[in-house]
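Counting convention: from 1, in listed order, for ligands and their atoms alike.
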Amino acid sequence: MAYLDNASTTKPFVEVCDEVYKTLKENYGNPSSLHKLGRNSANEILNSAKVLASEINAKPAEIVFTSGATESINTAIWGTLGKLSKRGKHIITTQIEHSATLNIMHELKLRGYEIEYVIPDENGRISVKEFASRVREDTILASVIMVNNEIGSKIDIKGLCEAFKAKSKCGFFHVDAVQALCKISIDVKELNVDLMSFSAHKIHGPKGVGALYVKEKSNIKPLIYGGGQQSDLRSGTENLAGIVGFKKAIEINQKTYNKQHMIMLCEYLEMLLERYFADDGYVFNGESDTKAIINFAINGVKSEVALRVLESHEVYVSSGSACNKTKLSHVLIAMGIKPEIVDSSIRVSFCMDNTKEDIDMLIRGLTDCVSMFKK
Ligand code: PLP
């Protein structure tokens with residue numbers, strides 16, 4: 001089997017599974033309970049916050065654990081509006097956001113907010129100049145993806161945030177860093193952002209757990225009200241086993257993740273595509289900066305069919321975001337790629353477990369696809 005769909009989700013590390021199991025079995029105290037069992041659980045949460053905080057140069061008190069990045073993004077956006085909506089109705093985002101962000105923006109438009117979507121260049125990056133030209137004094141929020149989940153392009157968050165803060169009087173800058181965490185270095189203080197969203201299952205952690213960085217004194221409003229856990233920002237008894245599993249995943253990534261491995265896999269894939277499909281014609285979509293995600297199309301090979309043929313070879317890839325199953329990729333369309341190429345696009349996403357043999361299997365499957373389409 002060749003699992004090459006790591007941008008959709010990753011296989012949890014064995015150590016993560018062990019830690020989750022151990023926590024469920026042994027550490028069942030409610031983190032809000034005042035007795036020893038409760039204090040043990042609360043300590044585990046604090047230790048997990050310390051590990052994530054150290055990865056992004058934040059303080060542990062600035063970390064809020066959530067049910068995943070979708071909740072983090074919702075908390076960041078609705079929470080900002082809860083605090084700032086009286087100051088303005090203008091919001092900036094980009095056309096290459098994940099649907100978690102875009103679908104909130106659609107709803108906000110219906111509720112009377114003015115949303116501006118910055119267009120990417122042909123490589124999938126956002127120009128600081130273009131972005132800066134849209135920021136106004138009354139812009140209350142910017143929400144921008146850090147590494148795109150379909151093509152792996154890295155956005156200049158520092159440049160965008162600088163431009164934003166230079167003009168906006170009081171606005172918050174939120175970053176969707178789901179595909180960036182543990183792949184590129186993140187320093188929230190240097191970036192000067194206010195909010196940042198993360199998800200555990202993209203880094204070999206458990207599903208259903210994520211986090212939101214909330215800069216000290218931001219005072220955003222909570223999305224979920226209740227018992228006042230996590231400094232009132234996210235009520236509800238914490239998913240302790242998930243949080244501890246998230247912590248373990250970060251620790252292992254810190255020790256094992258190596259971009260050179262991704263570069264090696266990418267170069268090998270590029271070499272084989274050139275060797276086997278140069279005559280058929282193929283193109284790369286966008287420019288991957290992390291090299292963990294790579295997107296390409298072989299002329300005339302529809303991705304919907306290719307995915308099924310590849311599956312019969314036990315090769316798992318995707319045609320874009322797992323959350324956007326039925327539509328043509330809005331990211332590739334926004335980059336100005338022709339619809340027939342978008343319809344043939346395949347996203348391959350790597351993790352440290354992938355080997356050249358996985359890519360050999362992918363190429364064998366693709367060769368099969370091409371000969372099918374030629375018949
Ligand atoms: N943002 C990006 C860039 C993603 O890739 C994903 C997951 O596909 C999400 C947000 C949503 O994350 P979650 O599945 O944790 O809700």
Per-atom contacts, ligand 1 versus H201 - under 4.0 Å to a heavy atom = 13 (P), 14 (O), 15 (O)

Which of the numbered atoms in ligand 1 are below 4.0 angstrom from a heavy atom of S199?
-> 13 (P), 15 (O)

Taking ILVMFWY side chains as joined if any heavy atoms are under 4.5 angstrom apart, and letting links pass through other members, which residues group with L233?
-> V64, I73, I77, W78, L81, L84, I91, L102, I104, M105, L108, Y113, I115, Y117, I140, L141, F172, L195, L212, V214, I220, L223, I224

Counting both backbone and side chain atoms, is some N or O of Q179 under 3.5 Å from an N or O of ligand 1?
-> yes

Check the angle between the aromatic planes of F296 and F284 and answer parallel, tilted or perpendicular using the 30° and 60° thresholds.
-> perpendicular

Any N or O of A69 that comes nearer than 3.5 Å to an N or O of ligand 1?
-> yes

Under 4.0 Å to a heavy atom of G68 - the qualifying atoms of ligand 1, by number = 15 (O)

Which is closest to atom 2 (C) of ligand 1 by heavy-atom distance: N149, D176, I145, I293?
-> D176

Backbone, side chain, both or neither: what part of T70 comes under 4.0 angstrom of ligand 1, heavy atoms only?
-> both

Residue pairs passing the side chain to side chain donor-acceptor pair (under 3.5 Å) test where at least one lies in residues 178-188, sequence neighbours excluded | N57-D187

So the atoms of ligand 1 within less than 4.0 Å of a heavy atom of K202 turn out to be 5 (O), 6 (C), 7 (C), 8 (O)

Look at the aromatic rings of F164 and F131 and report parallel, tilted or perpendicular, splitting at 30° and 60°.
-> tilted

Got a donor-acceptor contact below 3.5 angstrom from the R364 side chain to the I359 backbone?
-> no

Between the side chain of D358 and the main-chain N/O of T355, is any donor-acceptor distance below 3.5 Å?
-> yes

